[in-house]
Amino acid sequence: MHCKSQWLVFIISCVAYGKAQKNIGAICDDGGFVLEAAFTVAIESVSSEDDPYEAKVVRTTPGDVLEAHNAMCSVLEGNVFGVFAPTNEKALKHVQSISDYLEVPQILVDQSVAHNRNWSAINLYPNHVTYSQAFADIIDNKGWEEFTIIYEGAELLPFFDAIFALQDLEAGNEVLMTVVQLPDGDDFRSHLQTIKKSGSLNYLVNCRRETLETFLQQAQQVGIMSDEHSYVIMNPDFQTIDLDPFKYGGSNITGVRFFDPSVEAIQNYIKSINAKVAELSEDQIPEAVTENGLTLSLALMYDAVMLYVAAVKAMALEDGSSVTCESGTGWAFGSTLLNNLKTVATWNIEEGYKETRVIIPAAEVEGSESMKGKHFIVLTALSAPYGMLKESPKKLEGNDRYEGFGIELIDELAKMNEFNYTFDIQADGVYGSLDKKTGKWNGMMEKVMDGRADFAITDLTITAARQKAVDFTSPFMNLGITILYKKPTKQPPDLFSFISPFSLEVWGWLAGAYVGVSLLLFLLGRIAPEEWQNPYPCIEEPETLDNQFTMANSFWFTLGSVLTQGSEIAPIAVSTRMAGSMWWFFTLIMVSSYTANLAAFLTVEAKFYAIKTVQDLANNPYDITYGAKKGGATLGFFKESDNLLYQKMYQYMDEHPEYQTSTNDEGLARAKSTEENYAFLMESTSIEYMVERNCDVAQVGGLLDSKGYGIAMKKNSPFRQPMSESILQLQEEGKLTRMKDKWWKEKRGGGACADDDASSAEAQPLVLANVGGVFIVLAAGSGLAVICAIFEMLVDIWLISHRENVSFIEELKAEIKFIISGSSDTKPVRHRELSGSGSGGSKKSKVEDEESHKEAENNLNAPTPSERSVSHHSRHTLHSRRQSNAVQMARMRKFSKATY
Ligand code: GLU
């Protein structure tokens with residue numbers, strides 16, 4: 001009996017007997033023993049002493065839904081890992097609904113359910129789209145211009161999708177197609193006669209394996225199997241039919257097969273099944289598999305068991321599910337196992353089941369065309385914000401479960417290059433580092449290298465070592481290593497905060513300017529003739545003159561203006577006034593700047609920084625422990641660096657593995673923790689993300705290096721070029737920046753610390769660069785004042801030499817001598833005059849001088865100033881008049897001040 005009514009339900013369950021044993025069960029409703037035998041043989045072949053598996057089979061009546069239900073429930077009680085779904089539509093639907101609800105994955109190996117969309121199902125049977133395309137190519141190759149499609153059941157229609165597309169009238173492909181459905185039962189002759197009458201000579205046949213032989217016999221009887229007729233048989237089990245009776249008719253019959261039955265492994269498999277059928281059926285006549293009789297479903301059964309066990313091993317699952325038909329919730333690992341089933345291995349015609357994925361070479365196709373229509377496994381890690389689990393009240397499946405920068409980037413690249421993808425998660429979060437002893441890579445790198453993943457995307461740094469093992473796309477993000485540490489703490493107010501507005505350097509310059517200008521005034525006072533005043537204005541011809549700019553007065557005058565208090569000293573000469581006003585201007589600016597900055601210092605809180613740079617961290621004055629991500633690029637940077645500081649830091653981290661973390665999140669938690677004084681060395685982009693959301697931590701110091709993140713793929717991958725081009729295009733269009741802003745600043749609590757940052761601006765002391773200009777103005781003004789003073793002195797000497805008829809040079813020498821030597825603030829008058837007739841006037845005798853001095857003293861005590869001024873007027877020179885006026889003025893000012 002053929003397997004027409006075979007309904008197979010395999011429920012694979014693992015029931016742990018003791019610690020190591022795993023039972024795998026199957027419910028079989030085929031009414032025979034062949035599939036059960038194949039299943040048992042497959043289980044036996046994957047079982048080993050270290051990891052033993054045992055087949056547990058439940059048989060049910062074909063097509064009996066109730067029995068299927070009970071069998072399912074009973075197997076579920078034995079720690080179910082997955083369900084091999086039946087082909088009977090009713091039983092299948094029922095069993096699948098239970099599987100879906102309880103989140104138990106199913107594997108299908110039959111074409112009748114090829115279009116099943118249940119989340120829990122994986123079908124190993126060839127996909128109808130690819131399958132029909134293969135036959136469309138065969139027909140195209142044969143050059144058929146007319147043919148008849150003969151099919152048996154409606155469920156087979158999807159397998160003609162690409163065939164129907166051959167008749168593209170718009171493109172001018174006029175292929176004459178006739179479609180005929182075979183009737184129920186086993187007599188097709190009348191239909192075949194109709195086809196014969198239509199004159200059609202080519203036939204594309206898709207009927208069930210059980211019908212195929214009858215169909216060919218009847219076609220022969222009707223007479224459409226001569227040498228002018230051609231057949232293409234679509235059933236994948238065509239090779240199991242004995243073709244001897246048809247080979248003499250002369251017709252061309254083309255079929256396909258998915259494996260070569262002469263291969264030793266297949267022969268052994270067939271023998272094992274036959275032996276197992278004999279064992280199972282006991283005294284019944286076994287329906288053994290003949291040499292050619294291995295159907296595709298039986299072959300897939302073997303591969304499915306391999307695939308399933310590989311997925312269980314990959315997840316290191318020891319215990320199966322504990323769900324039952326009464327359970328209200330599903331199996332926690334169900335969807336993960338399902339995902340693993342999709343990624344852990346491949347099956348193809350040439351190689352059968354393979355645990356590692358094989359990338360089909362892109363042949364000659366160049367650029368993004370090479371990716372078009374392909375399906376890739378994209379490996380990522382749950383590392384925010386590159387890849388994260390989506391938060392949703394609904395149950396999500398497949399790629400919908402993930403979101404993040406990396407996820408969105410792959411989506412964009414897939415749209416641009418028209419490829420499909422499935423995400424796989426690196427559960428342990430290990431990105432990959434090289435073990436130099438074994439020469440092996442681990443983590444995501446290993447999976448990409450051995451083909452278990454086509455691409456790896458996360459915050460995966462492009463490093464020289466990794467670049468040797470895999471290919472990277474152009475970087476999609478640039479970054480550098482820096483430090484994540486607690487935000488600086490607030491400092492108590494400083495008693496001496498009034499010093500803060502100026503940097504020490506500025507204070508130094510200010511003191512220098514003060515001393516310099518004071519000395520300058522002293523000097524100018526001595527040079528400028530007008531600063532030498534008659535101390536007793538009533539004496540017409542004083543013997544000595546006084547100077548107000550004594551050393552002490554000079555310092556007092558400048559200090560008075562710096563402190564904005566003034567002094568009673570008022571410069572008289574142009575040069576001293578010039579120097580004085582420059583100093584006032586200087587103090588005006590300096591005092592205003594000081595006041596303004598002092599206000600900032602008093603209002604902004606001072607912060608205490610335990611560390612400001614990586615040097616501080618290495619010197620570690622506050623016992624700060626530090627580390628980086630285990631096996632990550634950051635640790636690698638310190639390891640490989642030839643900088644002594646970084647070497648010292650690596651040595652520290654190497655000696656303290658307890659400070660290395662598994663993930664960035666762990667590093668963040670430790671940096672935040674109040675129980676630990678921990679700094680985490682991390683990549684700047686990840687720090688940016690974290691400080692947007694965790695307001696108690698901040699980036700410390702600048703970047704130690706500069707590098708990028710890229711998408712990794714196998715060495716010499718043909719997809720590197722199109723992927724890199726697309727990344728550059730996204731960069732140029734500004735999409736990458738927008739995406740970064742979205743995932744960093746907007747989504748998932750971004751911007752939470754924006755206010756903190758605004759208020760965290762700190763007052764900075766003014767440095768020389770801020771106030772340097774005013775020092776320059778002061779210096780220039782002082783220089784000008786010196787020139788002016790010298791000029792004043794020269795003019796005065798010239799006037800005197802002219803008036804007194806003495807040598808200018810002699811007079812100058814005497815004056816300079818006095819200025820240089822003069823320690824006294826009193827200057828003897830060298831040329832005293834008696835009357836306004838200056839020219840040619842004889843010098844007064846000493847006696848006369850003394851007389852006039854006395855007279856002047858008397859005059860000073862005289863009661864009427866008018867009298868005094870009259871008598872003075874007749875004898876004073878213009879020069880001495882000016883002097884006395886100035887002294888008078890000064891006295892009056894003094895008087896008025898005292899009065900008020
Ligand atoms: N991006 C790093 C890597 O690719 C992981 C994080 C780190 O080391 O700071 O290994």
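Just follow the structure's listing: the first ligand is 1, and inside any ligand the first atom is 1. If you read the sequence from its start, that first residue is 1, and numbering goes on from there. In what follows, every heavy atom counts, from backbone to side chain, and hydrogens, waters and symmetry copies are set aside.
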Query raised in the report: When you measure from the centre of the six-membered ring of Phe476, is the NZ or CZ of Lys740 under 6.0 Å away and within 45° of the axis?
Result: no
Requested in this report: With side-chain contact (heavy atoms from CB on, under 4.5 Å) as the test, would you mind laying out the steps for Leu635 and Lys630 before giving the verdict?
Outcome: CA-CA 7 Å; Leu635 201 63; Lys630 225 178 278 168; 5.6 Å; no
Query raised in the report: Which ligand 1 atoms are under 4.0 Å away from a heavy-atom of Asp459?
Result: 1 (N), 2 (C), 3 (C), 4 (O)
Query raised in the report: Tyr431 and Asp459: side-chain donor and acceptor closer than 3.5 Å?
Result: yes
Report summary line: Of Gln660, Arg466, Met444, Lys629, the residue with the heavy atom nearest atom 10 (O) of ligand 1 is Arg466
Report summary line: The residue among Lys747, Arg748, Lys390 that forms side-chain hydrogen bond (donor to acceptor under 3.5 Å, both in side chains) with Glu403 is Arg748
Report task. Within a distance under 4.0 Å of any heavy atom of Gly632, pick out the atoms of ligand 1 and give their elements. Result -> 8 (O), 10 (O)
Requested in this report: Taking only heavy atoms of Leu460 into account, list the atoms of ligand 1 that are under 4.0 Å away from them.
Outcome: 4 (O)
Query raised in the report: In the protein, what heavy atom is nearest to atom 6 (C) of ligand 1, and what distance, to one decimal place, separates them?
Result: Glu683 OE1, 3.6 Å
Query raised in the report: Is the closest N or O pair between Leu681 and ligand 1 shorter than 3.5 Å?
Result: no
Query raised in the report: Is there a donor-acceptor pair under 3.5 Å between the side chain of Asn694 and the backbone N or O of Met690?
Result: yes
Query - Any donor-acceptor pair under 3.5 Å from Ser726 side chain to Pro722 backbone - result: yes
Requested in this report: Return the residue, atom name and 0.1 Å-rounded distance of the protein heavy atom closest to atom 9 (O) of ligand 1.
Outcome: Thr634 OG1, 2.5 Å
